[in-house]
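For the numbers below, each heavy atom of this structure counts, side chains included, while hydrogens, waters and symmetry mates do not. In the text below, chain A, chain B and the rest are named by the order of the sequence lines, each starting its count at 1.
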Protein chains: 2
Amino acid sequence: MKKTLVKRDEEGSRLVLSEAQEDYLKQIFILGEGRQKVGTQALAHRLEVRPASVTEMVGRLAQLGLVVHARYRGVSLTESGRRVALEMLRHHRLLETFLVEMLGYGWDQVHEEAERLEHVISERFEARIAEAMGHPTRDPHGDPIPTADLSMPPEATPMSLAELPAGESGTLARVGAQDRENLDLLGRLGLAPGSSIEVIAAEGTALRVRAGGESFLLPGFLAERLWMEDE
Amino acid sequence: MKKTLVKRDEEGSRLVLSEAQEDYLKQIFILGEGRQKVGTQALAHRLEVRPASVTEMVGRLAQLGLVVHARYRGVSLTESGRRVALEMLRHHRLLETFLVEMLGYGWDQVHEEAERLEHVISERFEARIAEAMGHPTRDPHGDPIPTADLSMPPEATPMSLAELPAGESGTLARVGAQDRENLDLLGRLGLAPGSSIEVIAAEGTALRVRAGGESFLLPGFLAERLWMEDE
DNA sequence: GTTAATTTTTAGGTTAGCCTAAAAATTGTA
DNA sequence: TACAATTTTTAGGCTAACCTAAAAATTAAC
């Protein structure tokens, strides 16, 4: 009844990480955009644990050679750590795509499911769904899917809806929010990747926009997480 | 970053079980064939833990009202416990079927994958794959899949290959073994659910049989786990 | 450049799930 | 029915991953 999925790193040595450890590495990657140092507090916030727990776990990951930790200065990933993070990100995004394309989920219903599945699928599962979907390069939120050899497809630096000048419009390319609350709001407003949105004007901290023939107010922090491309 | 899948029992009260607990309940179900008492040792063997660990966990499950434990006398499932076990069995067998039918796995490559996935898929996932496959009633090993309302389809009491008299033949209906070693052996011999097998004679503890035009020797303990039906 | 605010770490504690070794209960046997 | 063998439980430990509260380091503000 042992069930832990054993992964191998590039040198072929056995790497057995807990799901918690995989989550830490993934969040360090996301917060540090792959390369930068990440603070204990930011990480604690993302992982919904206390800073003290982060310090402890980061120490363990450092011993495993997955992160570099300069006390009081932040953590960053080593090459092996980066690979684990990218593997998780690839699993997550492939799974989201799979849930939408093959199992008929809504694009805003896939995050939590992928979050649990990403830690337990095998290389075979990963390869089969990737193949079945024709090796997709974007997930349903518009995020790029790392390739099988774990490189991240390069992207044009994107512009958020919040930065778009009043009067201009664009197409929603990526939704950088996965929490229930914001996804539900987008759903109610009829916004999804591919939607065309026009900025009318800033109203205080919020933004008045038009989409799908209707105009409405969008909270500023959400507008900052909607990445646009030209039409 | 809390990720535990929350399930609800029939009264609607929150039921949050660990994967370990789900495994215990599933094995108690399998060993006790749904109703009988199961000994500490047998359970420990199946779960690959020590008897002392079983005693401890069984105590916890009893407190949760999922099993009844008479000290020194064995454990059995309560109705809630039975439902959890059937839910896991349904997940497991649906997943195995899904992996074979939709992702092109071999029937002998699905067990370990299903073993990990069964604990983390949502009700939605379960419903979607069941629907996509037309609500199958048997998994790739020939085992019955519990229905969505968690009842186990009744079955004719089966006869094992070991019980089949010499000279007679039948069709392999169910393979009651999921370990790598035995599955690989069956694979090498070209045996799979649906194969026609003729018993030639007992040779000591083993059994000489003919299938696919070839004759070979099958270990007795394996023959006891191959369930046959008439041709 | 001190001092105050913030961030990070340390110290000490908890729980689940496992373990080994020893004690207790049950079962099998003469 | 007594004694031996087996099974089960108890007692005491360990580790991973969390926690709170207090101490230490860094950063920001005057």
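- The two residues A/Leu43 and A/Val38 come nearest to each other via the heavy atoms CB-CG1, 4.2 Å.
- The nearest whole Å value for the distance from the CD atom in B/Glu48 to the P atom in C/dC19 is 10 Å.
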Take B/His45 and B/Gln41 through the side chain to side chain donor-acceptor pair (under 3.5 Å) test and state the conclusion after the steps.
CA-CA 6 Å; B/His45 187 247; B/Gln41 192 136 239; over 6 Å; no
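- A heavy atom lying under 4.0 Å from DNA chain D marks none of the residues of residues 57-66 of chain B.
- Of the inter-residue distances, the one linking A/Met228 atom CE with A/Met159 atom CE reads 10.5 Å to the nearest 0.5 angstrom.
- Partners of A/Glu163 by salt bridge (charged side-chain N to carboxylate O under 4.0 Å, His left out), not counting sequence neighbours: none found.
- Distance A/Leu43 CG to D/dA17 P: 14 Å, rounded to the nearest Å.
- Atom NE2 of A/His119 and atom P of D/dA17 are 12 Å apart (whole Å).
- Of the charged side-chain nitrogens involved, none lies within less than 4.0 Å of a carboxylate oxygen, so that A/Arg90 and A/Glu87 do not count as a salt-bridged pair.
- Taking side-chain N and O atoms only, A/Tyr24 has no distance below 4.0 Å to OP1 or OP2 of D/dA16.
- Pairing each heavy atom of B/Trp107 with each of B/Val100, the nearest pair is CA-CG2, 3.8 Å.
- Summarising the geometry of B/Arg82 relative to B/Phe29, their closest heavy-atom pair is NH1-CE1, 3.7 Å, with the distance given to 0.1 Å.
- Put simply, CD on B/Gln21 is 9 Å from C1' on C/dA16, counting in whole angstrom units.
- Note: CG (B/Leu17) to C1' (C/dA16) measures 13 Å, nearest angstrom.
- Atom-to-atom, CG of B/Asp23 to P of C/dA16 comes out at 18 Å; the value is rounded to the nearest Å.
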Identify each atom pair where a protein N or O and an N or O of nucleotides 7-10 of chain D are less than 3.5 Å apart, giving names and distance.
unit_1	atom_1	unit_2	atom_2	d
D/dT7	OP2	B/Gln41	NE2	3.0
D/dT7	O5'	B/Gln41	NE2	2.9
D/dT8	OP1	B/Thr40	N	3.3
D/dT8	OP2	B/Gln41	N	2.7
D/dT8	O3'	B/Tyr72	N	3.4
D/dT9	OP1	B/His69	NE2	2.7
D/dT9	OP1	B/Tyr72	N	3.0
D/dT9	OP2	B/Thr40	OG1	3.0
D/dT9	OP2	B/Thr55	OG1	2.9
D/dT9	O3'	B/Arg71	NH2	3.2
D/dT10	OP1	B/Arg71	NH2	2.4

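- Residues B/Leu94 and B/Pro136 share a closest heavy-atom pair of CD2-CG, 4.0 Å.
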